[in-house]
Peer 1: 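Here it is: the structure, laid out below.
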Amino acid sequence: MSKVLIIGAGGVGGVVTHKCAQAPDVFSEITLASRTLEKCERIRDQIDRPIEVAQLDADNRDEVIALVNRVKPDLIINVALPYQNLSIMDACMETGVDYLDTANYEPPEAVTFSYTWQWPYERPFREKGIMGLLGCGFDPGVTNIFCAYGLKHYFDEIHTIDILDCNAGDHGRFFATNFNPEINIREVTLRAKWYEDGVWQEGPPMTTRWDFDFPEVGSHPTYLMYHEEMECLARNIPGVKTIRFWMHFSDTYINTMNVLQKVGMTRIDPVYYEGNPVIPVRFLKEVLPEPASLAEGYEGKTCIGCLLEGIKDGRTRRIFIYNICSHRKAYEDANSQAVSYTTGVPAMIGAKLMTQKVWRREGVVHPEELDPDPFMEGLNTYGLPWHVEER
Ligand code: NDP
């Protein structure tokens with residue numbers, strides 16, 4: 001039995017709250033805190049279990065500390081934005097509370113998608129006797145676990161990891177992002193980066209194409225890009241030589257993104273409008289649909305998986321480990337769309353394993369450093385069943 005504090009009441013925060021509420025034997029008390037109290041209240045009102053709500057500016061470390069001291073949680077699940085990671089981690093250190101997030105810290109003024117800022121918390125977290133689980137959504141998160149599971153059960157050595165992410169769904173809008181628009185746009189406009197024969201390579205974003213035949217959702221074009229889990233997988237999967245990340249984008253998405261980029265709407269530096277500083281990508285976020293608002297009526301499915309190639313008993317082997325998630329089922333289970341759902345469910349499973357001490361390591365840790373088996377079991381139990389295909 002544990003008390004959990006969830007920070008962030010967006011698309012992912014809604015799913016985490018629903019799923020924690022569905023496990024009362026694990027999470028006996030739940031508090032949901034976010035910048036806009038009404039969003040916490042809206043989620044609370046969808047759930048027939050008491051949920052505490054609180055207004056919180058998580059950029060302010062002292063406010064987080066005050067809330068933690070009042071709520072006294074065993075664990076914080078941070079599903080606000082990456083900008084808040086460090087203030088929340090600082091509050092965890094101050095109060096001795098475990099921490100979990102789903103995205104790396106980003107400094108607002110630079111696009112990095114790197115763990116550079118969070119890895120130095122290893123020592124202070126260890127000294128404080130607390131655990132910080134970094135990147136426990138789907139990608140990063142489940143994709144890291146798929147690699148660890150592959151290594152444990154299917155390979156003696158993994159040489160190549162291709163992570164493939166396809167949302168073959170239709171939300172009926174002309175243009176919308178499935179998770180926070182500002183973070184999504186920062187991510188997809190970043191230069192592509194991949195790890196090849198042990199060396200990092202770079203190229204332009206959204207240009208190198210691979211048409212991949214996904215189970216159940218069919219063949220779709222995917223594009224090489226950078227994603228943060230590549231950084232820790234290159235460190236933590238022994239013997240890996242090549243790691244690439246591929247994401248499916250529709251032609252409309254790519255064309256619209258190109259226009260937005262060319263006209264300067266994806267800029268993250270301030271421009272002056274009538275004497276006031278405005279950050280274009282933040283303004284753009286305000287006019288785009290919120291991820292949570294896409295849930296109702298979203299049709300189709302996502303397929304995300306890892307194509308792993310390596311050696312088993314002296315022979316080459318290639319497998320694809322993947323999950324299929326239906327937008328409609330995500331809505332029925334947690335009032336959500338599949339992208340928020342595939343992020344929130346793994347966060348809840350990671351939190352469950354941490355509070356039950358099935359997963360325990362003091363310091364900061366990535367999912368692939370822990371035993372994948374109980375997590376893989378949790379995916380089957382809590383709504384994200386997975387499959388393995390020999391290729
Ligand atoms: P949303 O924009 O839907 O939600 C973000 C929430 O955080 C909003 O409720 C927002 O409040 C709140 N928030 C923002 N700033 C603060 C602050 N200073 N203090 C308190 N709350 C704040 O985003 P998503 O739910 O789609 O994404 C949440 C996180 O999940 C992101 O970090 C994203 O990168 C990550 N993610 C990870 C994935 C993975 O697979 N690993 C996939 C998808 C997302 P307000 O409404 O007031 O703005």
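Just so it is clear, the values below take in all heavy atoms, side chains as well, and ignore hydrogens, waters and symmetry mates. A quick note: this is a predicted structure, and the numbers were derived from the prediction, not measured. Residue numbers start at 1 and run along the sequence shown. Counting starts at 1 for both ligands and their atoms, following the listed order.
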Peer 1: Which residue in the set T143, V339, N323 passes side chain to side chain contact (heavy atoms under 4.5 Å, CB included) when paired with I304?
Peer 2: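 It is T143, the one option of T143, V339, N323 that forms the side chain to side chain contact (heavy atoms under 4.5 Å, CB included) with I304.
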Peer 1: Which ligand 1 atoms are under 4.0 Å away from a heavy-atom of I183?
Peer 2: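 Result: 34 (O).
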Peer 1: Looking at ligand 1, does any of its N/O atoms fall within less than 3.5 Å of an N/O of V79?
Peer 2: no
Peer 1: When only distance counts, is N178 in polar contact with ligand 1, meaning an N/O pair under 3.5 Å?
Peer 2: no
Peer 1: Any ion pair linking D371 and K152 (charged N to carboxylate O, less than 4.0 Å)?
Peer 2: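 Judged by the 4.0 Å cut-off on N to carboxylate O distance, K152 and D371 do form a salt bridge.
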Peer 1: Kindly determine whether Y253 and F175 satisfy ring-ring contact (aromatic ring centres under 6.0 Å, His included), including the steps that lead there.
Peer 2: CA-CA 7 Å; Y253 184 96; F175 182 84; 5.3 Å; yes
Peer 1: Using modelled atom types and a 3.5 Å cut-off, is there a donor and acceptor pairing between side-chain atoms of Q356 and backbone atoms of V26?
Peer 2: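 Answer holds: no.
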Peer 1: What is the nearest protein non-hydrogen atom to atom 19 (N) of ligand 1, stated with its residue, atom name and distance?
Peer 2: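 Checked against all protein heavy atoms, atom 19 (N) of ligand 1 sits closest to A58 N, 2.8 Å.
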Peer 1: Looking at E389, E390, E309, which one forms a salt bridge (Lys or Arg N to Asp or Glu O under 4.0 Å) with R318?
Peer 2: E309
Peer 1: Using a strict 4.0 Å cut-off to heavy atoms of K39, name the atoms of ligand 1 that fall inside it.
Peer 2: 45 (P), 46 (O)
Peer 1: Would you please indicate if the ring centroids of Y115 and H366 are separated by under 6.0 Å?
Peer 2: yes
Peer 1: Below the 3.5 angstrom mark, is there an N/O of P181, backbone or side chain, next to an N/O of ligand 1?
Peer 2: no
Peer 1: Using a 3.5 Å cut-off on N or O atoms only, is A292 in polar contact with ligand 1?
Peer 2: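 No: no nitrogen or oxygen of A292 is under 3.5 Å from one in ligand 1.
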Peer 1: Under 4.0 Å from a heavy atom of F138: give me the atoms of ligand 1 that qualify, with their elements.
Peer 2: 39 (C), 40 (O), 41 (N)
Peer 1: Which ligand 1 atoms, with their elements, are less than 4.0 angstrom from a heavy-atom of P82?
Peer 2: 32 (O)
Peer 1: Could you walk me through whether F212 and F320 pass the ring-ring contact (aromatic ring centres under 6.0 Å, His included) check?
Peer 2: CA-CA 12 Å; F212 187 78; F320 188 50; 5.2 Å; yes
Peer 1: So that I can tick it off, tell me whether D74 and K3 are bridged by a salt bridge, with the cut-off set at under 4.0 angstrom between side-chain N and carboxylate O.
Peer 2: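 No salt bridge links K3 with D74.
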Peer 1: At less than 4.0 angstrom from any non-hydrogen atom of D59, what atoms of ligand 1 do you find?
Peer 2: 18 (N)
Peer 1: Taking distance alone, with N or O pairs closer than 3.5 Å, would you say K285 contacts ligand 1?
Peer 2: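 Among all N and O atoms of K285, none is under 3.5 Å from an N or O of ligand 1.
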Peer 1: In this structure, does ligand 1 have an atom that sits under 4.0 Å from one of the heavy atoms of S340?
Peer 2: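 In this structure, S340 fails to qualify as a contact of ligand 1 - no heavy atom is under 4.0 Å.
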Peer 1: Give a yes or no on this: more than 12 heavy atoms of other residues, nucleotides or ligands lie within 6.0 Å of atom CZ of R315.
Peer 2: no
Peer 1: Measure from the side-chain N and O atoms of R317 to the backbone N and O of Y154, and report whether any donor-acceptor pair falls under 3.5 Å.
Peer 2: yes
Peer 1: List the closest protein heavy-atom neighbour of atom 26 (O) of ligand 1: residue, atom name, distance to the nearest 0.1 Å.
Peer 2: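 Among all protein heavy atoms, the one nearest atom 26 (O) of ligand 1 is N180 N, 3.1 Å.
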Peer 1: I'd like to know whether T302 forms a side chain to side chain contact (heavy atoms under 4.5 Å, CB included) with H327, so could you lay out the CA-CA distance, the side-chain angles of the two residues, the decisive distance to 0.1 Å, and finally the verdict.
Peer 2: CA-CA 8 Å; T302 61; H327 288 285; 3.9 Å; yes
Peer 1: Mark up the atoms of ligand 1 that fall under 4.0 Å of a heavy atom belonging to A103, in ascending order.
Peer 2: 32 (O), 34 (O)
Peer 1: Is ligand 1 less than 4.0 angstrom away from at least one heavy atom of E290?
Peer 2: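 Checking ligand 1 against E290, which is what was asked, there is no heavy-atom contact under 4.0 Å.
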Peer 1: So is G13 polar-close to ligand 1, meaning N/O to N/O under 3.5 Å?
Peer 2: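 No; the residue has no nitrogen or oxygen that sits under 3.5 Å from a nitrogen or oxygen of the ligand.
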Peer 1: Would N78 and Y99 count as a side chain to side chain donor-acceptor pair (under 3.5 Å) here? Give the steps.
Peer 2: CA-CA 7 Å; N78 168 18; Y99 170 88; 3.0 Å; yes
Peer 1: Write out the residue and atom name of the closest protein heavy atom to atom 31 (C) of ligand 1, then the distance separating them to 0.1 Å.
Peer 2: A80 O, 3.3 Å
Peer 1: Using a strict cut-off of 4.0 Å, indicate which atoms of ligand 1 neighbour a heavy atom of L56.
Peer 2: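 Reading through ligand 1 atom by atom, the close ones are 19 (N), 20 (C).
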Peer 1: Using a strict 4.0 Å threshold on nitrogen-to-oxygen distance, state whether R123 and E127 make a salt bridge.
Peer 2: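 The answer is yes: the pair qualifies as a salt bridge.
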Peer 1: What protein heavy atom sits nearest atom 11 (O) of ligand 1, and how far away is it?
Peer 2: S34 OG, 3.6 Å
Peer 1: Any N/O of V339 closer than 3.5 Å to an N/O of ligand 1?
Peer 2: no
Peer 1: Are any of the N/O atoms in I7 less than 3.5 Å from those in ligand 1?
Peer 2: no
Peer 1: Using a 6.0 Å distance limit plus a 45 degree cone around the ring axis, check whether R186 lies over the aromatic ring of Y83.
Peer 2: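 No, R186 does not sit over the ring of Y83.
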Peer 1: Check the orientation of H227 and F245. Use parallel for under 30°, tilted for 30 to 60°, and perpendicular for over 60°.
Peer 2: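 The arrangement is parallel - the two ring planes meet at less than 30°.
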Peer 1: Using heavy atoms and a threshold below 4.0 Å, how should the contact between P291 and ligand 1 be classified: side chain, backbone, both, or neither?
Peer 2: side chain
Peer 1: Taking the side chain as C-beta and beyond, is there a heavy-atom pair between S293 and R173 under 4.5 Å?
Peer 2: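 Result yes, sub-4.5 Å side-chain heavy-atom pair found.
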Peer 1: Using a strict 4.0 Å threshold on nitrogen-to-oxygen distance, state whether E122 and R361 make a salt bridge.
Peer 2: yes
Peer 1: If hydrogens are left out, which of T102, V12, T36 has an atom nearest to atom 47 (O) of ligand 1, that is, the closest non-hydrogen atom?
Peer 2: T36
Peer 1: Could you tell me the residue and atom name of the protein heavy atom closest to atom 3 (O) of ligand 1, and the distance to it rounded to 0.1 Å?
Peer 2: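 Result for atom 3 (O) of ligand 1: G11 N, 3.1 Å.
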Peer 1: Look at atom 48 (O) of ligand 1 and say which protein heavy atom is nearest, naming residue and atom and giving the distance to 0.1 Å.
Peer 2: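 Protein heavy atom with the smallest distance to atom 48 (O) of ligand 1: R35 NH2, 2.6 Å.
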Peer 1: Number the atoms of ligand 1 from 1 as they appear, then name those within less than 4.0 Å of a heavy atom of G10, with their elements.
Peer 2: 1 (P), 3 (O), 4 (O), 6 (C), 8 (C), 9 (O), 25 (O)
Peer 1: How far is atom 5 (C) of ligand 1 from the closest protein heavy atom, and which atom is that?
Peer 2: L81 CD2, 3.8 Å
Peer 1: Can you confirm, on distance only, whether ligand 1 has an N/O atom lying under 3.5 Å from any N/O atom belonging to F179?
Peer 2: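 No; the residue has no nitrogen or oxygen that sits under 3.5 Å from a nitrogen or oxygen of the ligand.
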Peer 1: At what distance is the nearest protein heavy atom to atom 42 (C) of ligand 1, and which residue and atom is it?
Peer 2: T343 OG1, 3.0 Å
